[in-house]
Amino acid sequence: DTGSAAATPIDPRFDIAYVTPVTIGTPPQTLQLDLDTGSSDLWVFSSHTPASQVRGQQIYSPDKSTTSKLLDGHTWSIRYGDGSGSRGNVYTDNFAIGGIMVETQAVETAEEVSSSFTTEDNIDGLVGLGFSTLNTVSPEGQLTFFDNAKPKLDAPVFTADLKYMKEGTYDFGFIDESKYTGEITYVPVDTDPGYWTFTSSGYGVGSGTFSSSPITGIADTGTSLVYLPTAIVTAYYRQVEGATNSRSYGGYVFPCNSTLPPFVFGIGEAKFTIPPSYMSYAAVTDGSPTCFGGLQSSSGIGINIWGDVALKAAFVVFNGEEPPTIGWANK
Ligand SMILES: CC[C@H](C)[C@H](NC(=O)C[C@H](O)[C@H](CC1CCCCC1)NC(=O)CCNC(=O)[C@H](Cc1ccccc1)NC(=O)N1CCC(N)CC1)C(=O)NCc1cnc(C)nc1N
C-alpha cells in the first residue's frame, strides 16, 4: 500500500503545528491529529474527556464504533517538553491515514488533558511516529501506527513535506520524486531512547563560512522551532540588529523589521538553507513590533531539536528499514 495525507498549519499567522485528517472506527470518525515524530503515543480527545476540558475539538467515541475493543487494564500518561500532558485508557480500533488502514491500532483515549491542549482547539490529539520504545501504555507498550502499517507498505518509509504557512504532505510507503530536487542524503539514526536522532555535519550563518562540526539532535515534526547549542544560537543572533535574549519572552527576540540572515545546516555533504522568513517565527504578541526567533537555545532542554522551522526547509524521509536512517533533500 501507499498513502498520502495533508499536513495543514493550525494557525494562519505562523506554523505552530500541522494537523492531518485521520479516520477511527466503524463507521469512520474523522479527527485532525498532529503527527509527531518526537513521541510515540497515539492519543485522542474522546467521549471520556471531561466536558470542561474539551473546547471545540473533535472527539472519538469508542462506544459508537462497532470495531472498538477496550484494552482492559491498560492506561497511559504522557508529559511533553513544553510541560503539557495527558493520560487515559486504551482501545484498539480501525485507524487510517491517507487510505492506509490498520485494523487493531492502539488508540489512547484521554481521560484528562492539560490546559494547553484544551485551549488548542485545532488539535484533536497526536499520532506518535517516534520509535515504539517511547510508548507510555502500561503494563504493555503499544506499537505506533507506522510500526503497525509497515508490513503492508510498499516501502517501510514515511516522508514529511512540511511547508511555510501552506498545506504540505505526509506520504506513507513511497518516496514521491516530484517533491524534491537533487539527491536525498541519508544519515544514520540512533533509535535510543526512541527519537529519530541523527547528526548534522555543521552550520553556517548567512553567507559566512560553514563550520563543520557534528550536531546531534532529533528530527521532530511535533516541535515548532529549532533548538541548538548556545554557541551556534549566539553566532546567529550576533548578525541580527537589536536581537536580545529576553528572559521575559523566554528566548531570542528582535525588532520585526530587522534584517535576518539565512541559517544553513549540513547533512553529510549536502547543505540546507532556512530562509530569513522562517527564522522570524512570530510577533511576540499580535501586532507587536518585537519578533520571536525560529532558532532558540537547547541549553535548557538537554537535546538539540530540529523542529518544523528546519523540517519545512527540506523533504525528509523517515526510513524504517533495519537499521533506520533519515534522508534529507532540497525542494
Ligand atoms: C514519552 C514522552 C515524549 C517522548 C515527549 N516528547 C516530546 O516532548 C516532544 C514532542 O515532539 C512534543 C510534541 C508536542 C507536545 C505539545 C502539543 C503539540 C506536540 N514537542 C514538544 O513538547 C516541544 C516543545 N513544544 C512546542 O514546540 C510547542 C508545540 C505546540 C504546538 C501546538 C500547540 C501547542 C504546542 N510549541 C509551542 O509551545 N509554541 C508556543 C511558543 C512559540 N514561541 C513556539 C511555539 C518527551 O520527550 N517527554 C519528556 C519530557 C517530559 N517533561 C519535560 C518538561 N520535558 C520532556 N522532554
Side-chain angles (χ1 to χ4, degrees), residues 7-20 32-45 55-57 75-87 108 110 113-138 141-142 144 160 162 191-197 217-228 245-246 248-254 256 278-286 288 290-312 318:
T8 306
I10 62 169
D11 188 311
R13 297 162 300 171
F14 39 86
D15 300 332
I16 183 172
Y18 299 83
V19 287
T20 296
Q32 304 292 330
L33 304 186
D34 183 351
L35 271 55
D36 173 25
T37 57
S39 67
S40 305
D41 282 54
L42 194 174
W43 72 264
V44 292
F45 275 77
R55 200 162 305 157
Q57 289 83 2
T75 57
W76 60 282
S77 174
I78 196 163
R79 178 68 60 203
Y80 295 105
D82 58 11
S84 62
S86 46
R87 65 174 182 78
E108 303 168 30
V113 301
S114 62
S115 58
S116 65
F117 282 116
T118 299
T119 50
E120 192 48 73
D121 55 12
N122 296 305
I123 296 180
D124 305 332
L126 268 63
V127 180
L129 292 174
F131 294 90
S132 294
T133 44
L134 286 176
N135 181 266
T136 73
V137 174
S138 157
Q142 300 301 305
T144 64
L162 299 181
T191 61
D192 177 22
Y195 302 108
W196 289 85
T197 304
I218 71 172
D220 184 358
T221 55
T223 289
S224 319
L225 310 182
V226 178
Y227 297 88
L228 295 178
N245 189 0
S246 158
S248 55
Y249 288 124
Y252 281 87
V253 298
F254 45 81
C256 295
Y278 299 12
M279 296 298 281
S280 174
Y281 177 71
V284 290
T285 45
D286 265 359
S288 163
T290 304
C291 276
F292 197 77
L295 171 63
Q296 296 295 341
S297 169
S298 63
S299 56
I301 302 177
I303 47 172
N304 298 312
I305 305 180
W306 302 89
D308 299 335
V309 161
L311 296 170
K312 60 190 161 184
F318 294 84

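We count ligands from 1, going down the list as the structure has it; atoms in each ligand are counted the same way. In what follows, residues are counted from 1 in the order of the sequence shown.
Counting all heavy atoms, side chain and backbone alike, G250 lies closest to F292 at O-CZ, 3.9 Å.
Exactly one residue among T197, T223, N304 makes a side-chain contact (heavy atoms from CB on, under 4.5 Å) with I218. That residue is T197.
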What are the polar N/O contacts of ligand 1 with the protein below 3.5 Å, with distances?
| from | atom 1 | to | atom 2 | distance (Å) |
| --- | --- | --- | --- | --- |
| ligand 1 | 6 (N) | G38 | O | 2.9 |
| ligand 1 | 8 (O) | G81 | N | 2.7 |
| ligand 1 | 11 (O) | D36 | OD1 | 2.7 |
| ligand 1 | 11 (O) | D36 | OD2 | 3.3 |
| ligand 1 | 11 (O) | D220 | OD1 | 2.9 |
| ligand 1 | 11 (O) | D220 | OD2 | 2.7 |
| ligand 1 | 20 (N) | G222 | O | 3.4 |
| ligand 1 | 20 (N) | T223 | OG1 | 3.4 |
| ligand 1 | 22 (O) | G81 | N | 3.0 |
| ligand 1 | 22 (O) | D82 | N | 3.2 |
| ligand 1 | 25 (N) | D82 | OD2 | 3.3 |
| ligand 1 | 27 (O) | S224 | N | 3.2 |
| ligand 1 | 36 (N) | S224 | OG | 3.0 |
| ligand 1 | 47 (O) | Y195 | OH | 2.5 |
| ligand 1 | 48 (N) | R79 | O | 2.8 |

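Under the side-chain hydrogen bond (donor to acceptor under 3.5 Å, both in side chains) criterion, Y252 pairs with no residue at all, not counting sequence neighbours. Annotation: side-chain hydrogen bond (donor to acceptor under 3.5 Å, both in side chains) contacts of D121 (sequence neighbours excluded): none. Checked against side-chain hydrogen bond (donor to acceptor under 3.5 Å, both in side chains), D11 has the following partners two or more places apart in sequence or in another chain: R13.
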Applying side-chain contact (heavy atoms from CB on, under 4.5 Å), run through D220 and D36 and close with a yes or a no.
-> CA-CA 7 Å; D220 184 358; D36 173 25; 2.9 Å; yes
